[in-house]
Each structure stands twice: as structure tokens, then as C-alpha cells.
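Quick notes on the structure that follows.
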Amino acid sequence: MLHSHTVKFLLIAIHFGFNGIACHEVFSADETIAPDIYQVGVAKVDVTPDYPIRLSGFGFRREESEGVLIPIYARALAIGSDEDGPSILMTVDSTGISDSIVTDVAKQLAANGVTREKLAITATHTHTAPMLKGILPTLFGQPIPPDHQAHIDQYTKELTDHLVGVARAALKDRQAGQLWWGTGEVTFSKNRRSPKGGPVDHRLPVLAVKSPSGEVRAVLASYACHAVTLSHNKIGGDWPGFASESIERMHPGIVAMISIGCGADQNPIPGVVGDKVDVAQSQGLELATEVNRVLKNAMRPISGKVTGQLERFELALAEIPPRSHWEERVKQGRYIGHHAQVQLDRLDRGEDLQTAVDYSVQTWTFGNDLAFVFLPGEVVVNYAIRIGKEFDRSRMWVMAYANDTPCYIPSERVLEEGGYEGERAMTYYDKPGKLAPGLEQKIFDATHRLIPDTFDNQKVAKVDAGLPRLSPTESLNRLTIPSDWSAQVVAAEPLTTDPVAFDFA
């Protein structure tokens, strides 16, 4: 990869795609091709409570928190002018976020011209953050004492206010800026469902907000991994919190946002380590170091209008068991018994048990340069892998734990296999059954409806099918090249089967 900022040259690898059309991968040797100028603002706010509170994520912690390891934050990125309708992306150090919180935030930000489809809130899924109302309500296997619940309710309201405040601060901070992005790789996650090694996603997409003069103002990065390294009873951000802290230390004055990919079945190596803070710190530093490497390498400029879309639908649950099922499960006590009693209490009040999960798919597209896909809940890695196959992987960015945390979202494979992500975790999410088959395709159907055809591998192939094969020279002539650049074909099939050497004077 070239790093020169003076050479005006494109190295073009030309090869014939599956449809006979020449495809191109262009590696930029210079950042003189400027991206669009957007109005971009960034902000962050400390959301650490100043009182003890139950932490979420692990059911065995039933006492309120015992101090603060590191502060936790909400961070916001605002893109776009008031005329275009601004887009707001927020990350928050929390085990999850609820649809009710997002809806409340959206209602308040409507006064600032932010529409719901242009608001996305993602959680870092740290398991050392405060409990929030409505998320994992049956986590502890016993009723929550009223005084503990009062703190949970208080913090939920305070966090909602913080999210509105940090979004408005980012809107106020807007100034001319550029967006660049690239992809790195970190490898401290593993598939926890398979001791022999299952599918993983080690990609680390990185978005950089830069001033017109090239100074980095903010960074967004995502990694598909649970934030469960620490399980002590102190408030903190786990490895995502340390990653943000490290990035901001390496680049004083910037805002470093971390979101989580489809990491529901991905755990950090070496797993849950209790109070070994140094392990989480090293993981955060590893990610921050890779972000720093990506920032120093050639990144892609982003251009095009930001378009947000949102589609809501239901994911059906499997057949709900009868009352007798819950009466038997109550006898088991602990987590299973408590969950069963909650279902019986509903039936005794004359209420119906839940039969479906409310779900949504949200997308942001930046022209034809980049597409964000926001998926609620604890989404397993198969979704990211499949999105990479059905869409142009080089322009897709998937973030899970976004906009709501209803439950685990298994793939059809994981659902059939069962286990924790496929079924047992529903006990802690207060769901009366596992999800019904067909959910994966339903989510992908919505994604395909929201993402433009220009990102869809199959639709692009269909449009191009039957067209005559282009020669390397014809392909080159179709490139749009700035007047002060030059481009030439240096190798093309079948000559690429022979060794080719490059030298730059």
C-alpha cells in the first residue's frame, strides 16, 4: 500500500467478474481526491451514575454496584445540515438500549429536525453498565427489590436526558467536515458455541471524521464481540470503554465511538475473567492500535447524500406452551422458576403471553459509497457473513445492539441447533418461547428492500448479465479519473497468471 501524498497515480487491478464484466479495485496513492463536504458535529457526555445501581448482563450480581472502574459515556455524531435533515448516530456504554428510550429521544429531537429514520442509537453491550428499565427484566432469577428498581428507573430517565443532550450538543458542534473510512482487523474474539472454532468476523470497519485540512475530529469503529471480559461489580465500559479511552489518548481532542457488530455468539479471548482489568485494557489497546493503523493508511472518501430508511415488523415466537408447562417449570426454582412465575402472574391477571417480538431494520446509505445496517438485539455472526455475500462486502457496515434489545437474534442454523443463543437466553429476556423459524429470511428481505440495488450483488449481476465482455482498455476508459491523475493497465488476465513486478520511481 502506498503512503505518498505527492504521486498522482492509480494502481488498478483488473479482473473479469462472474458476469464477464471487468471489475476494478483502485488503490489510491494520494488523498487529493476530496470527499464531499458535510456539516459534521461530535460530542460526548459522561453518563456514570453517582449512586449505587444494579449492573446488567450477569444474573449472579444481585447487589448494587460497588464503585466506578472507569466512567461510562454516550457519544454522538451529527451529519448533515438543517436543510438536508441531519442524521444522528449515538453510541452508549450500556448492555443494551430499548425501543422506548429511542422513541422518547426521537420525539424530543424532532424539534431539531431529526426524523426517526435518521436517528440510530447503538450500545457497546458492556456487562458492567447500569441496568435499564425493560431490558433483561428477568435476568436475576428473582424479583428486584423496590429500592433497587427505583434506582434503575431513575437512571433510565437520566440516560434518556443525556442522550437528548449529547445529540443536541453534536448538532450545535456541526462544521465543515469530511468522512473517510477503511477496514482493519483484530482477532481477540472467538465463537463461543463451538470449541473447535465456529464462524467469526474479525473485520474492524473504521470511520474518520476529518476537518477540510485533514485533522481527525472523531472516529467510529465496530467489532463483533461480546463485552464480557469483566464481571466484577464496578461500573465501567469493559474493552469497548478502554478502546475509546486509548484512541482518545492517542489522538487528544477527538471523540472515539465504539459499536458492536454481530457478536452475539462471539466472546473475547480468554473469556470472562472477573476482575482482571489488565485483560480488558489490553483488548481495548489492541483495537485502538489497529484503528490508529487504519487511520494512517489510505482510506476511502465518502460522498453522496445520506439517506435513512426504517422498516418495522414482527418476528413470531414458536408455539407458546400451555399453563401446565409453566406450573411445572416453577418447581425448578432459580432462574427458570422465576421466569415461569412471571408468565403465570400474567395469566392470572388475564393477560395473553407474548407471541411475537417487535423488530426493525434501519439503513443509512451515503450515495453509492457506504451503507450502514442497524440491527436490534443480540445478533449472531451469521448475519454479518451473509450480508457480506449478498451485498458488496467492501461497502457494507453492520451494527447490532442498535435501537432496541428485545432478545438474541439467532440465524436459522443457530435456532435449529438450540443452546443458549437459540433458546435458553429467552429466560432472561422474559420471552415465553424461542423465535419461530423463518426469522432470518424476514430480516434479510427487509434489508434488501431498504438497501439500493447498487449495493446488491445479485441485482447488479442481473443488470449486467448478457452484456459483452469488456477489454481491459475498454474498462479503463470507463473509469472517472481526475485531470491531475493518470491511470494505466499494468496487468490483465490471462497475463496475471505470470509474475508481475511493480516499481515506482
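Given the structure is predicted, the values throughout are model-derived calculations rather than measurements.
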Point-to-point distance, once rounded to the nearest 0.5 Å, from CD1 of Ile144 to CD of Gln149 = 5.0 Å

request  = Please check if any side-chain donor atom of His251 sits under 3.5 Å from a side-chain acceptor atom of Asn292, or the reverse.
outcome  = yes

task = Please check if the distance between the ring centroids of Phe391 and His448 is under 6.0 Å.
result = yes

ask   = Does a side-chain heavy-atom distance below 4.5 Å link Ile152 with Leu132?
value = no

task = Answer yes or no: are there more than 12 heavy-atom neighbours, outside Arg334 itself, under 6.0 Å from its atom CZ?
result = no

inquiry  = Between Ser360 and Phe374, does the side-chain contact (heavy atoms from CB on, under 4.5 Å) criterion hold? Intermediate values first, please.
reply    = CA-CA 9 Å; Ser360 66; Phe374 300 101; over 6 Å; no

key: Under 3.5 Å: donor-acceptor pair, side chain of Lys442, backbone of Glu314   = yes

ask   = Between Tyr359 and Arg312, is there a cation-pi geometry (under 6.0 Å to ring centre, at most 45° from the normal)?
value = no

request  = Look only at the side chain of Glu412 and the backbone of Gly438, and say whether a donor-acceptor pair between them is shorter than 3.5 Å.
outcome  = yes

task = Using the six-membered ring wherever Trp is involved, compare the ring planes of Tyr51 and His151 and label them parallel, tilted or perpendicular (cut-offs 30° and 60°).
result = tilted

ask   = Any chance CD of Glu416 has more than 12 other-residue heavy atoms, nucleotides or ligands included, within less than 6.0 Å?
value = no

ask   = Is the side chain of Thr126 donor-acceptor paired with the backbone N or O of Ala227 at a distance under 3.5 Å, no angle test?
value = no

task = Please tell me if the side chains of Val379 and Val398 come closer than 4.5 Å, counting only heavy atoms from C-beta onward.
result = no

key: Short N-O contact, Arg192 and Glu421, less than 4.0 angstrom   = yes

inquiry  = Other residues, nucleotides and ligands only: do more than 12 of their heavy atoms fall within 6.0 Å of CD on Glu319?
reply    = no

key: Under 3.5 Å: donor-acceptor pair, side chain of Asp265, backbone of Arg193   = no

inquiry  = When you compare the side chains of Ser65 and Asn233, does any donor N or O come within less than 3.5 Å of an acceptor on the partner?
reply    = no

request  = Just do the side-chain contact (heavy atoms from CB on, under 4.5 Å) check on Phe140 and Tyr428 with the steps written out, would you?
outcome  = CA-CA 8 Å; Phe140 300 107; Tyr428 311 104; over 6 Å; no

Minimum side-chain heavy-atom gap Leu295-Val219 below 4.5 Å = yes

query = Heavy-atom distance under 4.5 Å between the side chains of Ile409 and Cys407, does that happen here?
reply = yes

ask   = Does Val68 reach the side chain of Ile70, with side-chain heavy atoms less than 4.5 Å apart?
value = no

request  = Please answer whether the main-chain N or O of Pro452 pairs with a side-chain N or O of Asp456 as donor and acceptor at a distance below 3.5 Å.
outcome  = no

task = May I ask you to decide whether Glu440 forms a salt bridge with Arg413, counting only side-chain N to carboxylate O separations under 4.0 Å?
result = no

Point-to-point distance, once rounded to the nearest 0.5 Å, from CG of Leu207 to OG1 of Thr183 = 11.0 Å

key: Pairs involving residues 270-287, ordered by first then second residue, that meet side chain to side chain donor-acceptor pair (under 3.5 Å) (sequence neighbours left out)   = Thr229-Gln283

message = Is the shortest side-chain heavy-atom distance between Met250 and Thr289 below 4.5 Å?
response = yes

task = Begin from the C-alpha positions of Phe366 and Phe372 and carry the test ring-ring contact (aromatic ring centres under 6.0 Å, His included) through to its verdict.
result = CA-CA 9 Å; Phe366 297 78; Phe372 285 162; 5.5 Å; yes

query = Looking only at atom types and distance, does a side-chain atom of Glu248 sit under 3.5 Å from a main-chain N or O of Ala256, one as donor and one as acceptor?
reply = yes

ask   = Judged by atom type as modelled, is there a donor-acceptor pair below 3.5 Å linking the side chain of His127 to the main-chain atoms of His125?
value = yes

inquiry  = Any donor-acceptor pair under 3.5 Å linking the side-chain atoms of Gln343 with those of His325?
reply    = no

task = Give a yes or no on whether the backbone of Ser189 and the side-chain of Gln266 come within a donor-acceptor separation of less than 3.5 Å.
result = no

Any side-chain donor near an acceptor of the partner, Trp364 and Ser87, under 3.5 Å = no

message = Show the nearest heavy-atom pair for residues Arg386 and Gln441, with the distance to one decimal.
response = NH2-OE1, 2.7 Å

request  = For the pair Ser259 and Thr91, evaluate side chain to side chain donor-acceptor pair (under 3.5 Å) and give the outcome as yes or no after the intermediate values.
outcome  = CA-CA 6 Å; Ser259 67; Thr91 62; over 6 Å; no

request  = Taking only Lys NZ, Arg NE, NH1 and NH2, and the carboxylate oxygens of Asp or Glu, determine whether Asp104 and Lys107 approach each other closer than 4.0 Å.
outcome  = no

Close side-chain approach of Trp397 to Ser222, heavy-atom, < 4.5 Å = yes

inquiry  = Any non-hydrogen side-chain atom of Leu435 less than 4.5 Å from a side-chain atom of Leu317?
reply    = yes

task = Describe, in one word, how the ring planes of Phe58 and Phe60 are oriented to each other, choosing from parallel (under 30°), tilted (30 to 60°) and perpendicular (over 60°).
result = tilted

ask   = Does atom CG of Asp147 have more than 12 heavy-atom neighbours from other groups under 6.0 Å away?
value = yes

request  = Please say which of Asp153, Asp161, Thr160 ends up in a side-chain hydrogen bond (donor to acceptor under 3.5 Å, both in side chains) with Lys157.
outcome  = Asp161

inquiry  = Just checking Tyr383 against Phe444, ring centres under 6.0 Å apart?
reply    = yes

request  = Kindly indicate, with the supporting measurements, whether the criterion salt bridge (charged side-chain N to carboxylate O under 4.0 Å, His left out) is fulfilled by Glu185 and Arg203.
outcome  = CA-CA 5 Å; Glu185 180 178 275; Arg203 296 174 75 240; over 6 Å; no

task = Apply side-chain contact (heavy atoms from CB on, under 4.5 Å) to Thr427 and Arg329, showing your working.
result = CA-CA 11 Å; Thr427 297; Arg329 286 176 70 88; 4.1 Å; yes

inquiry  = Using a strict threshold of under 4.0 Å (side-chain N to carboxylate O), is an ion pair present between Glu328 and Lys331?
reply    = yes

Atom pair CD (Glu378) and CD1 (Ile260), whose distance is rounded to the nearest 0.5 Å = 11.0 Å

request  = Give the intermediate values and the outcome of side-chain contact (heavy atoms from CB on, under 4.5 Å) for residues Thr122 and Val92.
outcome  = CA-CA 6 Å; Thr122 72; Val92 58; over 6 Å; no

inquiry  = Just verifying a value: how many Å separate Ile443 CD1 and Glu311 CD, rounded to the nearest 0.5 Å?
reply    = 11.5 Å

inquiry  = I need the Leu77 CG to Ile79 CD1 distance, nearest 0.5 Å.
reply    = 4.0 Å

task = Would you check, one step at a time, whether the test salt bridge (charged side-chain N to carboxylate O under 4.0 Å, His left out) holds for Asp430 with Arg346?
result = CA-CA 11 Å; Asp430 190 21; Arg346 286 196 176 97; 2.5 Å; yes

task = Without swapping roles, check the side chain of Arg116 against the backbone of Leu119 for a donor-acceptor pair under 3.5 Å.
result = yes

message = Between Tyr223 and Phe188 (judged by ring centroids, cut-off 6.0 Å), do the two rings come close enough to count as a pair?
response = yes

key: Output field: ring centroids Tyr420/Tyr408 closer than 6.0 Å   = yes

message = Under a 3.5 Å distance rule, please check whether Thr48 uses its side chain to pair with a backbone N or O of Ile72 as donor and acceptor.
response = yes

key: Minimum-distance pair of heavy atoms, taken over all atoms of Val361 and Ala446   = CG2-CB, 4.1 Å

